[in-house]
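Report on one structure; see the data block that follows.
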Amino acid sequence: MSGDRLDYYKTIDPTKAKKLQQELRQQISLEPLADEPQFVAGADISFNQGSNLMHAGIIILGLPDLNIVARSTVSDKTSFPYIPGLLAFRELPILLKAWDQLEQKPDVLILDGHGIAHPRRMGIATHLGIEIEHPTIGCAKNILTGSHDELSSQKGERVPLIDGSETVGMALRSRTNVNPVYVSPGHRLSSDDAYSVVMKCLTKYKLPRTTRLAHKWANKLRRGEAEEGYFKN
DNA sequence: GCGACAG
DNA sequence: ATCTTGTCGC
């Protein structure tokens with residue numbers, strides 16, 4: 001990612017942002033994964049309310065053991081406000097910094113937010129996937145757009161998330177008797193790939209281990225309990 | 001016009 | 001997203 005590209009994100013406004021989403025959506029690929037993923041990563045952001053100082057964490061885990069392989073943490077200011085549908089413009093710059101810092105890239109990256117389950121099919125997972133040209137998955141705790149039928153309460157159950165006439169993802173019961181998470185392909189993988197990869201990252205909690213660990217380190221950084229940088233295990 | 005609305 | 005203690009239920 002060039003510095004010019006990052007500068008562009010810092011000067012863009014909501015109107016231009018939506019136009020860019022309409023342009024970039026032409027590049028979305030939902031082709032199935034070619035190989036079985038060996039390394040999965042999770043990314044998350046943490047910040048204090050009212051502050052524009054963001055803290056990002058990306059954690060790479062090995063499959064199928066989910067052991068920690070590496071970690072990247074970065075703190076930086078954001079210049080874009082939180083606007084539903086335009087989350088990527090607020091968090092992409094810092095996530096790109098954290099991504100570039102990784103010495104080895106994972107096969108798939110899971111984001112806290114949506115993939116194509118977005119009004120213009122350009123959620124943060126899809127947008128980031130296109131920027132880094134890597135497979136990504138959106139795993140959100142709440143719906144942005146679309147609806148779905150009732151879902152069985154057992155872990156592993158799923159129902160399509162429908163927006164208009166399109167299936168944009170799924171509601172997934174990631175843990176028995178707990179509200180579902182919303183999974184959608186971001187880029188360079190299919191909806192079934194997204195399901196299988198997220199399932200592999202589930203342990204005893206609602207959120208995948210990737211997201212949980214990324215959240216943990218982003219928070220440690222925010223509280224000054226962790227150092228910024230790249231760490232290999 | 002009204003309500004909904006990832007993090 | 002973040003601020004926070006106890007408490008109900010599988």
Side-chain angles (χ1 to χ4, degrees), chain A residues 9 14 17-18 21 24-25 28 42-58 73-96 98 109-130 136-148 151-157 161-164 168-187 194 198 203-208 210-225:
Chain A
Y9 278 113
K18 287 188 178 181
Q21 290 183 325
L24 293 178
R25 69 182 296 180
I28 300 174
D44 192 32
I45 301 290
S46 176
F47 60 89
N48 289 311
Q49 49 182 162
S51 171
N52 64 336
L53 182 57
M54 320 290 278
H55 307 280
I58 293 183
T73 44
V74 177
S75 290
D76 194 17
K77 295 190 301 293
T78 185
S79 53
F80 206 90
Y82 169 64
I83 299 174
L86 299 181
L87 176 64
F89 296 88
R90 176 177 172 75
E91 304 186 344
L92 263 197
I94 189 171
L95 287 177
L96 286 171
L109 213 209
I110 299 177
L111 279 290
D112 210 345
H114 294 101
I116 62 170
H118 176 282
R120 292 170 292 283
R121 309 293 176 260
M122 281 294 294
I124 190 168
T126 302
H127 198 144
L128 182 60
I130 289 174
T136 55
I137 295 171
C139 182
K141 296 180 289 298
N142 295 288
I143 293 176
L144 208 208
T145 188
S147 59
H148 63 85
L151 176 61
S152 301
S153 63
Q154 295 304 304
K155 175 179 179 180
E157 292 296 310
L161 177 60
I162 311 291
D163 185 27
V168 296
M170 71 201 82
L172 166 66
R173 196 72 73 180
S174 53
R175 178 180 174 176
T176 301
N177 296 322
V178 165
N179 287 158
V181 290
Y182 303 94
V183 178
S184 59
H187 186 49
V198 169
T203 57
K204 60 183 293 191
Y205 308 102
K206 169 178 178 174
L207 299 178
T210 40
T211 303
R212 286 176 53 83
L213 293 181
H215 189 265
K216 167 189 170 183
W217 286 100
N219 269 329
K220 280 203 171 196
L221 186 60
R222 174 173 62 84
R223 297 170 187 152
E225 301 166 3

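Residue numbering restarts at 1 for every chain, and letters A, B, ... go by the order of the sequence lines.
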Protein and nucleotides 7-10 of chain C: nitrogen or oxygen contacts under 3.5 angstrom:
unit_1: C:dC10; atom_1: O3'; unit_2: A:N177; atom_2: ND2; d: 3.0

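- For the pair A:L221 and A:S75, the minimum side-chain heavy-atom distance is below 4.5 Å.
- You'll find the side chain of A:N177 reaches within 4.5 Å of the side chain of A:S153, heavy atoms only.
- Listed by chain and residue number, A:L92, A:I124, A:H127 satisfy the side-chain contact (heavy atoms from CB on, under 4.5 Å) test with A:A88 (two or more places apart in sequence, or in another chain).
- In this structure, the CG atom of A:L221 is 16 Å from the P atom of C:dA1, given to the nearest Å.
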Handout entry: Pairing string, 5' to 3', for DNA chain B - Watson-Crick or wobble contacts under 3.5 Å, brackets [ ] where pairs cross, | to another strand
Key = .......
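- The side-chain contact (heavy atoms from CB on, under 4.5 Å) search around A:R212 returns A:Y205, A:L207, not counting sequence neighbours.
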Exercise for the section: Please test A:V181 against A:R175 for side chain to side chain contact (heavy atoms under 4.5 Å, CB included), starting from the C-alpha separation and ending with a verdict. Expected result: CA-CA 9 Å; A:V181 290; A:R175 178 180 174 176; over 6 Å; no
Hey, what are the protein-to-nucleotides 5-7 of chain B N/O distances that come in under 3.5 Å?
unit_1: B:dA6; atom_1: OP2; unit_2: A:Y82; atom_2: OH; d: 2.6
unit_1: B:dA6; atom_1: O4'; unit_2: A:H114; atom_2: ND1; d: 3.4
unit_1: B:dA6; atom_1: N7; unit_2: A:G85; atom_2: N; d: 2.9
unit_1: B:dA6; atom_1: N6; unit_2: A:G85; atom_2: O; d: 3.1
unit_1: B:dA6; atom_1: N6; unit_2: A:L86; atom_2: N; d: 3.4
unit_1: B:dA6; atom_1: N6; unit_2: A:L87; atom_2: N; d: 3.2
unit_1: B:dA6; atom_1: N1; unit_2: A:I124; atom_2: N; d: 3.0
unit_1: B:dA6; atom_1: N3; unit_2: A:H114; atom_2: N; d: 3.1
unit_1: B:dG7; atom_1: OP1; unit_2: A:K141; atom_2: N; d: 2.9
unit_1: B:dG7; atom_1: OP2; unit_2: A:N142; atom_2: ND2; d: 2.9

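- At most 12 non-hydrogen atoms from other residues, nucleotides or ligands lie less than 6.0 angstrom from NZ of A:K18.
- Among the protein residues, A:R222 comes within range of the sugar-phosphate backbone only, with heavy atoms under 4.0 Å from sugar or phosphate atoms but none that close to a base.
- Distances shorter than 4.0 Å separate some side-chain N or O of A:N219 from OP1 or OP2 on C:dT2.
- Among residues two or more places apart in sequence or in another chain, the side chain to side chain donor-acceptor pair (under 3.5 Å) test is passed with A:H187 by none.
- The side chain to side chain donor-acceptor pair (under 3.5 Å) search around A:D44 returns none, not counting sequence neighbours.
- Looking at residues two or more places apart in sequence or on another chain, you find a side-chain contact (heavy atoms from CB on, under 4.5 Å) between A:P93 and A:L6, A:Y9.
- By the side chain to side chain donor-acceptor pair (under 3.5 Å) test, A:H215 is found to be paired with A:N219, residues two or more places apart in sequence or in another chain being considered.
- In this structure A:N142 satisfies the side-chain contact (heavy atoms from CB on, under 4.5 Å) test with no other residue, sequence neighbours excluded.
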Handout entry: Dot-bracket line, read 5' to 3' along DNA chain C, where crossing pairs take [ ] and | marks a partner on another strand, Watson-Crick or G-U under 3.5 Å
Key = ..........
Output a table of donor-acceptor pairs, distance under 3.5 Å, between side-chain atoms of residues 78-87 of chain A and any protein atom two or more places apart or on a different chain; print 'none' if there are none.
unit_1: A:T78; atom_1: OG1; unit_2: A:R90; atom_2: O; d: 2.8

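- Between the SG atom of A:C139 and the CG atom of A:D112 there is a distance of 7.5 Å, given to the nearest 0.5 Å.
- A:H215 comes within 4.0 angstrom of the backbone, heavy atoms only, and of no base.
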